[in-house]
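Only one structure is covered here, and it is reproduced in the block below.
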Number of protein chains: 2
Amino acid sequence: MPEGKVTSLHVARRAGVSQSAVSRVFSGASASPQTVIKVRKAAEHLGYRPNPLARAMITGKSKMIGLVVAYLNNQFYPLALERLSNALQDQGYHVLVFMAPNDEDAVEKVVHDLMDYQVAGIITASVGMTNDLTQRCADAGIPVVMFNRGQDGGGISSVTSANVAGGARIAEFLIAGGHKRIAHIAGWEGSSTGRDRARGFCEGLAARGMEPVTVIDGHFDREIAAQATRDLMARSDATDAIFVGNDHMAFAVMDTLRGELGLSVPKDVSVVGYDDVPLAAWAAYDLTTLRQPLNRMVEATVDTLLGQITDAARPSQKIEIEGPLILRGSARIPEGWTQ
Amino acid sequence: MPEGKVTSLHVARRAGVSQSAVSRVFSGASASPQTVIKVRKAAEHLGYRPNPLARAMITGKSKMIGLVVAYLNNQFYPLALERLSNALQDQGYHVLVFMAPNDEDAVEKVVHDLMDYQVAGIITASVGMTNDLTQRCADAGIPVVMFNRGQDGGGISSVTSANVAGGARIAEFLIAGGHKRIAHIAGWEGSSTGRDRARGFCEGLAARGMEPVTVIDGHFDREIAAQATRDLMARSDATDAIFVGNDHMAFAVMDTLRGELGLSVPKDVSVVGYDDVPLAAWAAYDLTTLRQPLNRMVEATVDTLLGQITDAARPSQKIEIEGPLILRGSARIPEGWTQ
DNA sequence: CGGCTCCCTGCATACGTTTGCAAACATTCA
DNA sequence: TGAATGTTTGCAAACGTATGCAGGGAGCCG
């Protein structure tokens, strides 16, 4: 059995061929059947494994995908990470994870680090990028896909759920449920996701001649959402329904309503979230929410990214995936409501 | 401004020195102050950044740490990942994430992939490794630290909380609370963590002349824990307290007790978990649990790993960190109980 | 049988760094 | 002033792979 490192040269010697031949066998270039057999056999005997770093040096592209993510306390993102990583592993790629606070400089620094590693592509989740930065990635030949966030500007790919439609759907649902004073604790206004859901929701209400009691920015943060709930319920006009910009905040809203204010959900107030993270289905919350189809979003993200990696000319695309409203116990269900 | 790629050679030319000089400046080797200045200036002007892959080729060690993790649905692990990644980023390292089901072959495959990337070290979380495999890593000069899991065999480092002591502490607490029929839904028996907590718990009971009503393996799984709860409560001897092997399962136990069986926690049954993930503090669960000091565990993990990386001779160590019992509303608090 | 094409193959170079070696230089001390 | 010592520096050889190029062989057709 072999010592330390075994290289393509060792394999070549043992197989009685040149190093190039070994390289060609393992990089899928053409080689005669006999050569392939000889090389494979020698390689197996020696326990040879191609060195991906050396390969990356030559080709300029490593088999790594950079994943930039701001935080993992919202259950949605760990799951996305898990699925993304699995899907990419299946395709022979590996995930280099970077945490980056959601500010411009930090993201820029992180992306530079990623470019140093010659990643084949970048996925950002819950993180924004300036158009300037995405342009520089494009110049470097590194495709970028934004996951669960969009960008108005130029040619950057993104995969989101149909947030505007989702917001509108929830408006429709709450109105049908007979709610009269509906409030919205929105996602962070600095994110397309938060803005789109809010817009769809307000448009949905307006289409039926209503408007929200108020819209408060919850910044996707538990504490802020909890405080927003207190403020909201302290007002004189009794709010009877709250659409919360994501599940993570919705849990805080429910905790505040029930635990702190002694209100009943949905008897006193209906609560609807967005995401359908696993926790939403657990009995303690049983949250009615609009599902983001995680599996399909991950699939679309991987497809788009790998597509752009193998075919640099492929144009960027903005993919929106519709998700269903999941009816549970946190919001009154309109009579005769069919999914 | 520079085009495409700028290498150390470009910098060398502009600074009027040799390429080696540039390398020495950036790798921290000795160089005269004037050379350093000339090189730094030229580098900045050109926007030079050393290529970490080329460096890894030569040195045999990349600035990447492999992180192997089985699943991310237990909130504890995403948080650990987040903290680990941040701590390592601060030290100039980056995290290569691999998902691996907890079986021997899969882990072996994944570790080989990691070795191909010449990672400087490996952290496994919620994943076991055979002694044979850790030996091969050691042979390859790659230190391994197991996070939240131990290993009986030889020289492998691990960082866990003091699971035996924690289990015993919970036994003490539940007995002091006057519970008479105490059950344990244990963590996976295949994990040191699960075994140690169970052992400490049983020993703690025994020390006070009690023994558990029953011990069921919950496999760290929600569904299995829920079923265990049903089975448990269907028995004739009314269980009045359950110690659950981690919070993730404890939530399922509470959901089942309250939502499905209509029991009250803690009036009918006290529930105690293990981990103190953020969700445990949320009003909907308000779970009494033994805290694993995540920050200190992460710190110890990073210290140990980086220590072994910089000093290959450093012996492996098994670190146990004690955590406090966090009193909340899911278990009856003994009168006069002081932390 | 000659010429043509086509497929394999080996040679040599390139990728961007680190590092051993020896030459060059500066510094100290006798 | 000369030798001895220590510090910088450049040269060149690695690290392990991919790939353009040209030579060699096989096959086909006339």
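Note on naming: letters A, B, ... go to the chains in the order of the sequence lines (proteins, then strands), and numbering restarts at 1 for each one.
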Query raised in the report: For C:dG16, does either OP1 or OP2 sit under 4.0 Å from a side-chain N or O belonging to B:Thr7?
Result: no
What is the distance, to the nearest angstrom, from the [atom1] atom on [X] to the [atom2] atom on [N]?
X	N	atom1	atom2	value
A:Gln19	D:dC15	CD	P	13 Å
B:Met57	D:dA14	CE	C1'	9 Å
A:Lys63	D:dT17	NZ	C1'	15 Å
A:Leu46	D:dG16	CG	P	14 Å
B:Arg24	D:dT7	CZ	P	14 Å
B:Gln34	D:dG10	CD	P	11 Å
A:Leu9	C:dC11	CG	P	11 Å

Query raised in the report: Can you tell me if CG on A:Asp152 sees more than 12 non-hydrogen neighbours from other groups inside 6.0 Å?
Result: no
Query raised in the report: Taking atom NZ of A:Lys109 as the centre, does the number of heavy atoms from other residues, nucleotides or ligands within less than 6.0 Å exceed 12?
Result: no
I want to verify a distance call: between [options], whose nearest atom is closest to the [X] side chain?
X	options	answer
B:Ser20	C:dT17, D:dC11, D:dT9	D:dC11
B:Thr59	C:dT19, C:dC8, D:dA18	C:dT19
A:Thr35	D:dA18, C:dT9, C:dT18	C:dT9
B:Ser27	C:dT18, D:dG16, D:dT17	C:dT18

Requested in this report: With A:Val111 as reference, evaluate A:Val144, A:Leu133, A:Ile142, A:Asp116 under the side-chain contact (heavy atoms from CB on, under 4.5 Å) test and give the passing residue.
Outcome: A:Leu133
Query - Lys NZ or Arg CZ of B:Arg55 over B:Phe26 ring: under 6.0 Å, within 45° - result: no
Using a 4.0 Å heavy-atom cut-off across all strands, classify [X] as base, sugar-phosphate, or nothing.
X	result
A:Pro50	sugar-phosphate
A:Val17	sugar-phosphate
A:Ser23	base
B:Ala56	nothing

Query raised in the report: Between B:Glu299 and B:Arg83, is the closest basic N to carboxylate O distance under 4.0 Å?
Result: no
